[in-house]
Amino acid sequence: MPARPVSAQARVVALLGSTQTLAWASSYYLPALLAAPMAAELGLPVHQVFTAFTLALVVSALVGPAAGRAIDLHGGRVVLRITSGLFAAGLAALGLAQNGWQMAAAWALIGVGMGSGLYDAAFAALVRLYPVSARNAITGITLIAGFASTVGWPLTAWWTETLGWRGACGVWAALHLLVGLPLHGRLPRQPVETAPAPAPLPAGHAAPATAAAPAARTGWAVVLSVVFAITWFTSTAMAAHLPGLLAGLGLGSAAALGVAMLVGPAQVAGRLLEFGLLRRAHPLLSARLAAVAHPIGVGLLMLAGPWGGWLFAGLHGMGNGILTIAKGTLPLAVFGAAGYGARQGWLMAPARLSQAVAPMLFGLAMARWGSQALWLTAALGLLAFVLLQALARRLPP
């Protein structure tokens, strides 16, 4: 039986999934391995490198709305090709930095690339190309790029060992020019699908969400921006502190690291669940289930003790994996495809800012309360669930 030909959309998903893996591996996951050698050679404290990375996250939040608007107007092919150049320039500048100011400036330039080239930009590019069928495509991208740390950390470690941290930055910069730029150049120039015009409503039927009053739409946008800020805060706080949290509950260092490493596979499992059982459900249902997963995991961890860490890591990871998709699909379902890129930039700006401060703020909470600080993220997760539940009741059927 002949193999089915690969669809054009599947090729676009594979292309963007590959470039997203490259972008995440060479930006978000870079400081974990390069901060120490970079600080040692430049004569800086390690926390100054992470402060520069925080600057990159703040810059990405400021850039996001303009980048999304540019994708709405000109398409992802144009913007993402520029972003490949920005990443290459920022990484090259980082590899050439001789002092703290040059390092910070290089991270700021990388932050421009992050604000215009990570998930939000890729989602906006997909929605412009496929306004009708973008949901499954968004899930596909996150399934591929979910392995960015799995691929990126070993490569960064290898290049750092053989070429030094400057050489590692140079290799990543070259990959953006030799791989990312050509792949982005293969994106379609024009939308592939045309969003259908809304059908006339029968008498007595409620208007769809996309035709709701501006005040209502603004309220929904505020709710979503708060939910996304909460979930990104928790996700980033756990990424930075989870092994230490588990060790504080009584797990040994090796066991705590092993449990923390379960989060990555659990995220992929959550995305597969979204792609399978939940693909026909409204994204609000997926988002509500995902938002409550972290609080349930915290409760089980506190009841079961250290070995409840496996349940916690699994639930947190699955919820986080689904929420990554919901950040792209939920605004599409609530507001429609028109103006998606610019709206996504504004919706995610608070989330990027909360992500930037999450490691520091949650670290302060741990210093005060120890592992009991998890009740803080559990409460935030419940708040996100309540807000999504309220939104579900207010949206037109």
Side-chain angles (χ1 to χ4, degrees), residues 17 20-21 24 28-29 119 123 135-136 138-150 227-243 245-246 249 251 255-304 306-330 333 351 355 358 362 374-375 377-389 392:
Q20 283 295 295
T21 301
W24 282 95
Y28 187 81
Y29 293 112
Y119 273 150
F123 294 166
R135 179 177 180 179
N136 288 339
I138 287 172
T139 304
I141 285 180
T142 63
L143 281 171
I144 298 171
F147 293 97
S149 61
T150 307
V227 168
F228 295 155
I230 287 172
T231 54
W232 271 44
F233 177 91
T234 299
S235 172
T236 307
M238 293 302 101
H241 296 291
L242 184 55
L245 278 169
L246 295 171
L249 286 168
L251 283 176
L257 182 59
V259 172
M261 288 175 63
L262 178 63
V263 172
Q267 287 183 152
V268 175
R271 290 165 186 170
L272 289 172
L273 178 64
E274 162 69 18
F275 189 72
L277 292 176
L278 297 174
R279 67 188 301 175
R280 299 191 183 279
H282 194 285
L284 261 175
L285 174 60
S286 301
R288 281 177 285 173
L289 292 174
V292 81
H294 177 86
I296 292 175
V298 171
L300 292 174
L301 175 61
M302 295 305 181
L303 287 173
W307 296 108
W310 298 99
L311 295 172
F312 168 74
L315 285 168
H316 168 73
M318 291 184 69
N320 194 54
I322 294 173
L323 283 166
T324 302
I325 300 170
K327 289 161 191 167
T329 59
L330 192 50
Q355 179 187 38
F362 195 76
L374 277 171
W375 290 117
T377 54
L380 289 173
L382 290 175
L383 174 59
F385 173 79
V386 170
L387 289 172
L388 290 170
Q389 187 71 16

query: To the nearest 0.5 Å, how far apart are OH in Tyr29 and OG1 in Thr21?
result: 10.0 Å
field: Distance (rounded to the nearest 0.5 Å) between Ile322 CD1 and Leu273 CG
entry: 5.0 Å
message: Could you tell me if the side chain of Phe362 sits less than 4.5 Å from the side chain of Thr236, heavy atoms only?
response: no
Scan the side chains in residues 261-268 for donor-acceptor partners under 3.5 Å anywhere in the protein, sequence neighbours excluded, and list what turns up.
residue	atom	partner	partner atom	Å
Gln267	OE1	Asn320	ND2	2.4

field: From Ile325 atom CD1 to Lys327 atom NZ, the distance as rounded to the nearest 0.5 Å
entry: 10.5 Å
message: Test your reading of the model: is there a side-chain donor-acceptor pair from Gln389 to the backbone of Arg288, 3.5 Å cut-off?
response: no
message: Does Trp375 form a side chain to side chain contact (heavy atoms under 4.5 Å, CB included) with Val298? I'd like the steps, not just the answer.
response: CA-CA 7 Å; Trp375 290 117; Val298 171; 4.0 Å; yes
message: On a heavy-atom basis, which atom in Ala293 and which in Gly319 lie closest, and how many Å separate them?
response: CB-CA, 4.1 Å
message: Looking at every non-hydrogen atom in both residues, tell me the closest pair between Leu323 and Ala290 and how far apart they are.
response: CG-CB, 3.5 Å
field: Distance, nearest 0.5 Å, that separates CG of Leu387 from CG of Leu382
entry: 11.0 Å
- request: Identify the heavy atoms of Ala351 and Phe228 that sit nearest to each other, and give their distance.
  value: CB-O, 3.6 Å
message: Does the plane of the ring in His316 sit parallel, tilted or perpendicular to the ring in His294? Use 30° and 60° as the thresholds.
response: perpendicular
query: Distance from Thr139 atom OG1 to Leu143 atom CG, nearest 0.5 Å?
result: 7.0 Å
task: Measure the spacing between CZ of Phe123 and OG1 of Thr142 and express it to the nearest 0.5 Å.
output: 6.0 Å
- request: Could you check Ile144 against Gln20 for side chain to side chain contact (heavy atoms under 4.5 Å, CB included), going step by step and ending with a plain yes or no?
  value: CA-CA 8 Å; Ile144 298 171; Gln20 283 295 295; over 6 Å; no
message: Less than 4.5 Å apart, side chain to side chain, heavy atoms only: is that true for Leu388 and Leu330?
response: yes
message: Could you work out, with side chain to side chain donor-acceptor pair (under 3.5 Å) as the rule, every residue matching Thr329, not counting sequence neighbours?
response: none
message: side chain to side chain contact (heavy atoms under 4.5 Å, CB included), that's the test. Do Met238 and Leu374 meet it? Break it down for me.
response: CA-CA 9 Å; Met238 293 302 101; Leu374 277 171; 3.9 Å; yes
